[in-house]
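Notes to accompany the following structure.
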Amino acid sequence: MGRGRGIAVTDEQRVFRFGSDEHGNDVTEGDASMKYRLGGKGANLAEMARIGLPVPPGFTITCQTCTAYANAGNVWPEGALSEIDEAVEDLESRLGKRLGDSHDPLLVSVRSGAPFSMPGMMDTVLNLGLNDESVQGLIAQTENPRFAWDSYRRFIQMFSNVVMGVDADLFENALTQRRLVAGVRADSDLSADDLQELVIEFKEIFSENVSQTAYPELDLSNGRVQFPRDPRLQLRLAIQAVFGSWMNERACLYRKHNSISDDLGTAVNVQVMVFGNKGNTSATGVAFTRNPADGTHEFYGDFLVNAQGEDVVAGIRNTEPISDLVGIPELAAAGRQLEETFVILENHYRDMCDIEFTIEQGRLWMLQTRVGKRTAQAALKIAVDMVEEGLISREEAVSRIDPAQLDQLLHPQFDMTAKLDILARGLNASPGAAVGEIVFSSDDAVAAAEEGRSVVLVRWETNPDDLKGMTVAEGILTSHGGKTSHAAVIARGMGTPCVCGVEAFHIDAVKKEVRIEGSDHILHEGDVISIDGAQGIVVAGAVPLVSAEMTGDLDTVLSWADEIRLDTTSGRAHHVRVNADNPSDAQLALSFGAEAIGLCRTEHMFLGERKDIIQSFILSDTDTVRIHALDELLRVQTEDFLEIFRTMNGRSVVVRLIDPPLHEFLDDPRELAIEIARLEALGATEDELAEKRALLRRIDGMAESNPMLGLRGVRLSIVYPDLPLMQVRAIATAAARLIRDEGLDPKPEIMIPLVSITEEHVQTRAIAEQVLKEVEREYGVSLEIPIGTMVELPRACFVAGEIAKTSEFFCFGTNDLTQTTFGFSRDDAESKFIPIYLHKKVLDDNPFETIDETVVDLVAMAVERGRAVRPDMHFGVCGEHGGDPRSILVFFNRAGVDYVSCSPYRVPIARLCAAQAKLEAQSERDA
Ligand code: PEP
Ligand code: MG
């Protein structure tokens with residue numbers, strides 16, 4: 001399910017004001033709770049205005065207006081346009097200025113703002129309201145013709161590109177030409193006259209590239225469309241364009257990647273323009289109230305003197321650190337006010353905030369705030385610090401950590417012992433290390449990834465069109481831009497390692513090579529490099545990677561999570577176990593905080609050199625050979641269990657009896673058939689071939705059309721009882737020896753897989769109990785080994801009450817349960833049709849990744865029926881879903897299980913999610 005699906009807002013009001021009126025009184029209508037109507041930006045502008053922060057006045061058109069407009073085939077819903085007209089008039093009277101006025105014009109920005117942040121994915125138009133008359137008003141007001149003409153040419157450029165789709169390069173080329181003619185290097189060196197000429201040229205470009213058929217509302221002159229002069233028309237077209245940008249390709253891709261529902265729509269914020277480019281008393285910047293990369297409690301961000309907002313994020317000019325702002329005399333007062341605002345915002349939102357601001361002629365204006373995105377490392381540090389500062393509780397700290405983000409922390413790092421041939425240094429924009437071949441474009445990254453090659457995307461700077469390549473790249477490197485540049489923000493959000501601002505890299509994307517300043521080394525496409533986004537370094541060749549250790553803040557937060565999830569005064573404890581079938585995985589999982597082994601798959605113990613033994617058991621006709629093979633298996637399995645139970649001393653180890661179809665242990669019959677054919681061709685005699693032919697017949701005889709629905713799981717125990725007998729004996733013997741000889745406390749549990757019929761469980765249990773008694777007698781110890789059922793077929797869920805009469809626990813194998821509930825083969829569905837189902841929205845999620853509600857229904861039913869028969873029974877989940885954050889929440893809260901069990905690396909995530917499930921249930925109870 002995507003974020004935000006199913007939000008129903010029925011109120012009809014489509015436009016909400018924010019900011020103050022002409023008397024300085026706040027007239028804001030919305031607040032921070034309204035993000036599904038006003039979008040994140042609109043809701044937070046309203047909130048900032050409400051708490052008295054300086055917000056340029058404006059109004060927000062709701063997300064629902066966007067969806068209504070789009071659903072009606074780009075037709076405005078009734079009444080919306082007149083509500084917007086009223087809001088414009090209201091804004092004009094609040095400001096005492098009029099759009100298009102030739103003396104003192106009102107200029108506005110038109111910005112998108114969806115309920116969830118989608119940085120740079122949708123459109124923005126600045127300086128709207130300029131035309132040939134109002135530019136004169138701007139000149140009169142600012143007494144700065146250069147500024148006015150520059151604003152006007154920027155507006156035409158942005159409007160033409162964003163609203164009308166005219167190629168941005170046409171304007172850039174004209175700008176470059178103009179610089180050449182004027183003999184200057186930078187845009188900022190162009191004179192007012194140059195810029196006025198450019199305005200004429202830009203309008204020409206517009207007329208040449210926009211057709212009246214597409215925009216009948218535009219005026220014609222000499223048969224050519226004219227750039228719209230009427231500010232109201234400019235505004236309507238700009239709003240429509242922002243609505244349209246909700247469905248542009250990059251926005252759709254971003255939503256897909258971030259599980260944001262397409263149904264939400266974007267709000268549009270129309271806001272009075274303030275200018276950061278009115279000389280040296282003006283500036284603009286983006287900042288965070290704490291360091292979003294590592295969480296340090298410091299003001300963090302960049303600003304540019306005499307610039308407009310887009311200049312900062314575009315990485316075109318090199319920015320200055322926010323801490324320098326108070327040191328600039330003309331900006332010091334506003335800088336101090338900004339620092340006070342950081343504190344006000346943090347205390348108000350009780351979280352780290354991300355802000356955009358502009359200083360216009362010494363006066364600070366807040367253009368945006370939101371709870372800031374951060375790396376996993378920063379999220380943990382900020383949560384721990386804020387608890388220590390008394391700003392938030394431990395519960396809040398735990399509920400704030402995004403489980404998916406924890407993966408970032410468990411990301412590989414450079415092996416400390418590796419020798420590093422450092423090529424260059426840049427900014428440590430997003431943590432984690434990556435190794436890959438250099439590619440210079442998003443398309444090349446995608447093509448390489450499709451061939452299964454790992455790549456590092458190397459760009460001068462990224463832009464939203466690079467998203468596809470950024471999504472598939474192992475790492476991202478840019479030679480320009482700061483830590484708030486597009487590349488840095490997106491990479492942090494995706495958890496992809498990123499080093500930006502590697503200025504020594506002179507990238508030639510056409511020749512596909514990089515010259516490195518101060519070195520003869522030239523890198524070419526396909527060369528392998530390694531980057532470390534935590535240290536900001538670029539290294540030649542492939543550096544070995546290692547996984548991070550769990551220490552410090554992560555340990556602290558997880559220890560709080562453990563307190564919450566294991567607290568029985570607030571409901572059933574939520575336990576976390578691990579799926580492990582060897583001592584080293586068990587050891588690793590213990591270090592990650594696993595409490596027990598929830599699934600030990602014994603078939604993995606038959607692989608490698610032991611394959612011969614199981615093969616001789618399966619294929620032999622003679623009892624002596626079979627008995628010998630069983631004895632050998634008993635010996636090696638007992639050794640395995642000894643080691644695992646020793647490692648897990650005092651902790652449960654759920655051992656599953658053999659599960660897969662036996663032919664999985666045999667050689668490939670096709671290879672054997674080829675071998676026979678080869679020997680035949682070489683003239684081998686019938687006698688020589690007889691043995692191989694007999695083997696082939698036996699292997700062929702074991703083949704099944706649907707092995708996953710065939711002779712596997714408990715069915716093997718019924719058909720070949722020798723195998724489970726041997727396994728139970730190995731488990732019991734290992735436990736008995738550890739108790740008797742080493743004084744340890746082994747806690748094995750025996751699990752019977754793929755049960756569907758109660759009698760399957762009853763009969764297998766009976767033979768297991770028999771063996772347990774024999775071993776007890778043999779070793780003179782008492783063994784308390786619970787025998788339970790692996791519930792992974794829908795029928796077992798229905799007869800759960802019956803099975804529970806002879807079963808001490810249920811553990812749900814949700815991989816098979818999903819397979820059999822959907823009738824989807826778990827071996828094929830994910831490669832054959834699930835991606836298409838997701839693309840065509842037949843499914844919202846891959847059911848093998850995130851548990852489906854119907855499967856949860858089955859689990860919940862089985863838990864209820866089991867518990868009704870045996871109140872002290874234990875219930876767990878050990879399918880892949882046991883490590884999936886969304887599934888973990890429903891397993892605990894809807895199905896009522898006692899534990900989830902997952903692979904070792906997902907244990908920390910499961911601990912966090914188990915606590916979050918508990919907190920969520922508590923807050924639902926309290927509500
Ligand atoms: C399951 O089916 O969910 C399970 C854990 O067992 P396996 O994946 O080994 O079939
Ligand atoms: Mg299974």
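Along the sequence shown, residues carry numbers from 1. Just so you know, ligand 1 is whichever comes first in the structure, and atom 1 is the first atom listed for that ligand.
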Quick one, E759 with Q763, criterion side-chain hydrogen bond (donor to acceptor under 3.5 Å, both in side chains). Give me CA distance, side-chain angles, the key distance, then yes/no. CA-CA 6 Å; E759 191 57 21; Q763 291 193 14; 3.2 Å; yes
Backbone N or O of R656 within a donor-acceptor pair of the T602 side chain at under 3.5 Å? yes
Counting only heavy atoms closer than 4.0 Å, does ligand 1 sit against the backbone of L599, its side chain, both, or neither? side chain
Minimum distance, heavy atoms only, to atom 10 (O) of ligand 1: which one of R826, E792, Q819, M790 is it? R826
E792, N/O/S atom nearest the Mg ion (ligand 2): OE1
Starting from atom 3 (O) of ligand 1, locate the nearest protein heavy atom and write down its residue, its atom name and how far away it is, to 0.1 Å. N815 N, 2.7 Å
Basic-acidic side-chain contact under 4.0 Å: E639, R635: no
Step by step, work out the ring-ring contact (aromatic ring centres under 6.0 Å, His included) result for F824 and F833. CA-CA 10 Å; F824 284 180; F833 59 85; 4.9 Å; yes
Pick one of side chain, backbone, both or neither for how R601 approaches ligand 1, counting any non-hydrogen atom pair under 4.0 Å. side chain
What is the name of the N/O/S atom in D816 that sits closest to the Mg ion (ligand 2)? OD2
Quick test of your reading of the model: are E802 and R865 salt-bridged, counting only N-O distances below 4.0 Å? no
Is it the case that ligand 1 has an N or O less than 3.5 angstrom from some N or O of R656? yes
Check whether any heavy atom of H881 sits under 4.0 Å from an atom of ligand 1. no
Considering only heavy atoms of G813, which atoms of ligand 1 have at least one such atom less than 4.0 Å away? 1 (C), 2 (O), 3 (O)
Check this for me - ligand 1, E603, N or O atoms closer than 3.5 angstrom, yes or no? no
S807 vs T789, side-chain hydrogen bond (donor to acceptor under 3.5 Å, both in side chains): CA-CA, chis, key distance, verdict: CA-CA 6 Å; S807 182; T789 318; 2.7 Å; yes
Give a yes-or-no answer on whether the side chains of D640 and Q637 include a donor-acceptor pair shorter than 3.5 Å. no
